[in-house]
Amino acid sequence: MIEIDQISKLYAGKAAVDSVSMTVETGTITGIVGTSGSGKTTLLRMINRLVEPSSGEVRINGEPTSSLAPHILRRRIGYAIQGHGLFPHYTVARNIAAVPRLLGWSKDKIAARVDELLDLFSMEPSQFRDRYPAELSGGQQQRVGVARALASRPDLLLMDEPFGALDPIIRSRAQDDLRRIQRTLGSTIMLVTHDMEEAIHLGDQVAVMDAGRLVQHAAPAEIIRAPATDFVAEMVGGVERPLRLLSLIPVADITEDGPTDGEAIDPQTSLRDALAMCLWAGREALPVARPDAPPGRVTLDAIRARAADHQ
Amino acid sequence: MKAGLILRLVLIALLLALVLRPEWFAFAFAPFAPEGGPVIYQRASLLSLSLSHLGLVAAASLAATVLAGTLAILVTRPAGAAFRPLSRTITNLGQTFPPVAVLALAVPALGFGAGPTLVALFLYGLLPIFENAVTGLSTLPPSTVEAARGIGLNRWQRLVRVELPLAFPVILTGVRLSVVIALGTATIGSTVAAKTLGEVIIAGLLTNNTAYVLQGGLIVGLFAVLIYDALVSLEVRLARRLGLERKGR
Ligand SMILES: Nc1ncnc2c1ncn2[C@@H]1O[C@H](COP(=O)(O)OP(=O)(O)OP(=O)(O)O)[C@@H](O)[C@H]1O
Ligand SMILES: [Mg+2]
């Protein structure tokens, strides 16, 4: 558990981060969103003490971060920097291996881990391992940056716009990969993004920053249903709110008995996607596969009812 | 590329021949020698003069690199920033003093021979190396330096593993300038009896023998060109590997 307690950072008397408090549960992803200059990066960097707070304290599992030497603290915390920050004089493999080497892992273990991570991010190890960062595309550099942060399997991962330079397809794949990795390892992730969509899609919790202050910290559905301020409502995107809400709910939640024809869809498909399929095919209902029962169905009416049911 | 390689090989062959078999070139230098006078310098072997010339330059440049590099590292640390103007003044002083004056001043203290020349070359070599090392160490890509802190490298590890390797091509440029200056400046060391190729040139000047002057000058010049060229290609190769050429040139 990470407790951020009344933390502030002043630059020339002006607060970049203004008395932010929040608690992050172990094993969850928190998406930190806000406009440019709202203090997201500064907040993140105070956690691994790349920036020393002007006041306040951060505790990891009850232990204040100020009780450790900064470089020792940082070896335990994965950090994917905004704009990758790869070492240009190291190969891809050596970049990814940076922290495991510091921690004294064996050569074989490091090599296996590097290949595993490259595979995970859809980069053929034999093709990419020995390249230098200058020989990669922007998106590939960014994935290597994230792989470097993940390499030592840290319990806590800080990621600053890790997927900013990726195209939508690779981006959504990288997000799914991250989610899967996080689920299997149970790591705690704090991820900065300016994209509310990404925060809602990835986050168990969403923290919205505005001008240095934390204006709302809640589950994605809560943020969409009940934005705390006009700013949050704007971030969530007024007219898109019902669709955002539907994107959080799997069809399994409202699958009912009843006949339809066609091929059954996966029960984890979001209601938003199901709605799109209905509209595109001009159908009133879609069959849904069920693991322990014959296929059921989801109807357009049920989706509509669910979208309206936000009070 | 191909033509460049051939040219380099030709120059290396020419230099080796000039040093090892100077008598082959008697026909070319003869027109410049005085009537009936010697054409090829015989008083000492050109090979031993070349080696001791290069040795002096190498020793002085190495010492200058170590001191200027250390100073540059110190003044680019947060704690040392206050000393940057002072150390700049000191290294500048080395340059503003004419080398001949350094020699004249150093002889009473160090006697004739290699000592005063080493001091002069050393002082002369400090500035370019220091300036370049400071520039190299203080203009590193901020996100890389940040990442080095972020993954938990301590100060020493950051310096050795990230900052110095990244600044290396720029530092090398300073070393190259300083070595080339030293190669030329070393010739005047022979006025205080240091064994350098300057001996050939000075003998030529004293006896009005242009053949000697040409011979000595040609050898020093070829060494300078070839060493300069070798260091440039090393820099280019390193810079390319660091991806610096992508950022435009
Ligand atoms: N080292 C610094 N010195 C002075 N001001 C700073 C410094 N770092 C950040 N700031 C200021 O603090 C504020 C918050 O910056 P921060 O980098 O945390 O924003 P951000 O939310 O990450 O923005 P972005 O989305 O553009 O990355 C900005 O107004 C910025 O100008
Ligand atoms: Mg930022």
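Protein chains get the first letters and strands the later ones, always in sequence-line order, with residue 1 at the start of each.
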Closest approach of [X] and [Y], non-hydrogen atoms and distance?
| X | Y | answer |
| --- | --- | --- |
| B:Leu166 | A:Pro88 | CD2-CG, 3.4 Å |
| A:Arg74 | B:Gly150 | CB-O, 3.5 Å |
| A:Leu102 | B:Gln157 | CD2-NE2, 3.6 Å |

Under 6.0 Å from the [atom1] atom of [X], do we count more than 12 heavy atoms belonging to anything else shown?
| X | atom1 | result |
| --- | --- | --- |
| B:Phe83 | CZ | no |
| B:Arg77 | CZ | yes |
| A:Tyr90 | OH | yes |
| B:Arg158 | CZ | yes |
| B:Phe223 | CZ | yes |
| B:Arg84 | CZ | yes |
| A:Asp195 | CG | yes |

Under a 4.5 Å heavy-atom cut-off, does chain B meet the side chain of A:Tyr132, its backbone, both or neither?
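Side chain only.
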Segment of A:Arg45 engaging chain B (4.5 angstrom heavy-atom cut-off)
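Side chain only.
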Can you check whether [Y]'s main-chain N or O pairs, donor with acceptor, with [X]'s side chain at less than 3.5 Å?
| X | Y | value |
| --- | --- | --- |
| B:Arg149 | A:Leu50 | yes |
| A:Arg75 | B:Gly152 | yes |
| A:His89 | B:Arg161 | yes |

Student check: side-chain heavy atoms of B:Ile151 and A:Tyr79 closer than 4.5 Å:
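The answer is no; the side chains never approach within 4.5 Å.
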